[in-house]
Amino acid sequence: WVKRYLGSYLGQPLNFYTRIQLIRDFTGFAIGPHSDHFKKVAVLLLYLPESADNAASGTSIYVPKKAGFTCEGGPHYESKNFDEVFTAPYLPNSALGFLKTNNSFHGAEPVSGIDARKGRNLIQCSLIEA
């Protein structure tokens with residue numbers, strides 16, 4: 001991982017770009033545990049709720065139940081094959097950041113109680129290998 005992403009310190013050029021997305025999810029939205037695309041390096045999620053009313057609707061971090069399971073990136077898996085170990089609270093002025101590795105899995109349990117007119121709003125900032 002270090003050689004791949006910190007190559008300039010090892011005599012190789014770095015070549016990254018950023019992607020910033022405004023995301024709005026609604027009641028019922030869910031996304032199974034997954035590791036992001038293999039070219040992503042890091043992700044920062046900036047939560048934008050108006051209140052603390054839906055704190056449980058944050059992004060969850062998962063560990064596979066099968067020891068040694070990894071994924072280069074892509075498919076979304078069923079939650080039953082993972083243990084949810086942490087959920088970042090969906091609160092004003094809060095964020096969740098993580099590095100993309102083949103054993104870093106995240107997702108979202110079904111969102112509930114979100115005002116249908118406002119949605120669950122966040123900004124996703126991604127650092128991606130070009």
Side-chain angles (χ1 to χ4, degrees):
W1 189 91
V2 171
K3 286 182 182 178
R4 180 173 178 190
Y5 294 124
L6 299 180
S8 69
Y9 295 107
L10 303 171
Q12 302 169 22
L14 291 174
N15 195 7
F16 299 111
Y17 66 95
T18 56
R19 180 186 310 149
I20 300 173
Q21 300 168 284
L22 177 59
I23 297 174
R24 175 171 284 166
D25 300 324
F26 295 97
T27 295
F29 171 81
I31 188 167
H34 62 285
S35 68
D36 276 335
H37 189 275
F38 70 95
K39 289 205 171 227
K40 279 194 181 177
V41 177
V43 175
L44 179 64
L45 303 175
L46 305 167
Y47 292 143
L48 304 172
E50 293 180 358
S51 71
D53 293 345
N54 296 296
S57 295
T59 302
S60 296
I61 304 297
Y62 301 90
V63 172
K65 289 183 178 180
K66 181 180 177 185
F69 179 78
T70 62
C71 176
E72 189 172 293
H76 298 176
Y77 297 96
E78 293 185 37
S79 294
K80 69 181 183 181
N81 298 319
F82 292 79
D83 290 319
E84 183 180 345
V85 295
F86 173 75
T87 299
Y90 181 64
L91 295 171
N93 302 312
S94 64
L96 171 67
F98 54 89
L99 297 174
K100 191 298 187 213
T101 67
N102 290 346
N103 65 351
S104 64
F105 294 91
H106 66 284
E109 294 299 310
V111 172
S112 63
I114 300 291
D115 183 322
R117 295 165 294 166
K118 297 178 183 174
R120 174 184 173 260
N121 299 304
L122 59 111
I123 296 172
Q124 178 174 295
C125 306
S126 301
L127 179 63
I128 304 169
E129 179 183 5

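Every heavy atom of this structure was used, including side-chain atoms; hydrogens, water molecules and symmetry mates were not.
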Rounded to the nearest 0.5 Å, how far apart are CD of Gln124 and OG1 of Thr59? 8.5 Å
Tightest non-hydrogen contact, residues Thr87 and Ser60, listed as OG1-OG, 2.7 Å
Taken to the nearest 0.5 Å, the spacing of Glu109 CD from Ser79 OG works out to 4.5 Å
For the residue pair Tyr77 and Phe69, does the interplanar ring angle fall in the parallel (under 30°), tilted (30 to 60°) or perpendicular (over 60°) class? perpendicular
Any chance CD of Glu50 has more than 12 other-residue heavy atoms, nucleotides or ligands included, within less than 6.0 Å? no
Decide whether Leu22 and Phe26 are clustered together by the hydrophobic rule: side chain heavy atoms of Ile, Leu, Val, Met, Phe, Trp, Tyr closer than 4.5 Å, transitively. no
Quick check: closest heavy atoms across Arg24 and Asn121, and the distance to 0.1 Å? NE-OD1, 2.7 Å
pair Leu96-Ile61: side-chain heavy atoms closer than 4.5 Å: yes
Can you pull the ring-ring contact (aromatic ring centres under 6.0 Å, His included) pairs that have at least one residue in residues 45-66, sequence neighbours excluded? Tyr47-Tyr90
Could you label the plane-to-plane angle of the His106 and His34 rings as parallel, tilted or perpendicular, counting under 30° as parallel and over 60° as perpendicular? tilted
Roughly how far, to the nearest 0.5 Å, is the CD1 atom of Ile123 from the CD atom of Gln21? 11.0 Å
Using atom types as modelled and distance alone, determine if a side-chain donor or acceptor of Thr27 lies under 3.5 Å from a backbone N or O of Ile114. yes
Where Phe29 and Ala108 come nearest, the two heavy atoms and their spacing: CE2-CB, 4.1 Å
In the hydrophobic clustering (ILVMFWY, side-chain contacts below 4.5 Å, transitive), which residues join Ile128, or is it alone? Tyr17
How far apart are the closest heavy atoms of Lys65 and Lys80, and which atoms are they? NZ-O, 3.2 Å
Using modelled atom types and a 3.5 Å cut-off, is there a donor and acceptor pairing between side-chain atoms of Arg120 and backbone atoms of Val111? no
Considering non-hydrogen atoms only, spot the tightest contact between Ser35 and Cys71 and give its length. OG-O, 2.9 Å
Ring centres under 6.0 Å, that's the criterion: do Phe98 and Phe86 meet it? no
Check: Ile23 and Leu45 side chains under 4.5 Å, non-hydrogen atoms: no
For the atom pair OG (Ser126) and NZ (Lys100), what is the distance rounded to the nearest 0.5 Å? 12.5 Å
Looking only at atom types and distance, does a side-chain atom of Ser104 sit under 3.5 Å from a main-chain N or O of Leu99, one as donor and one as acceptor? yes
Tell me the closest heavy-atom pair linking Leu91 and Ala52, and the distance in Å. CD2-CB, 3.5 Å
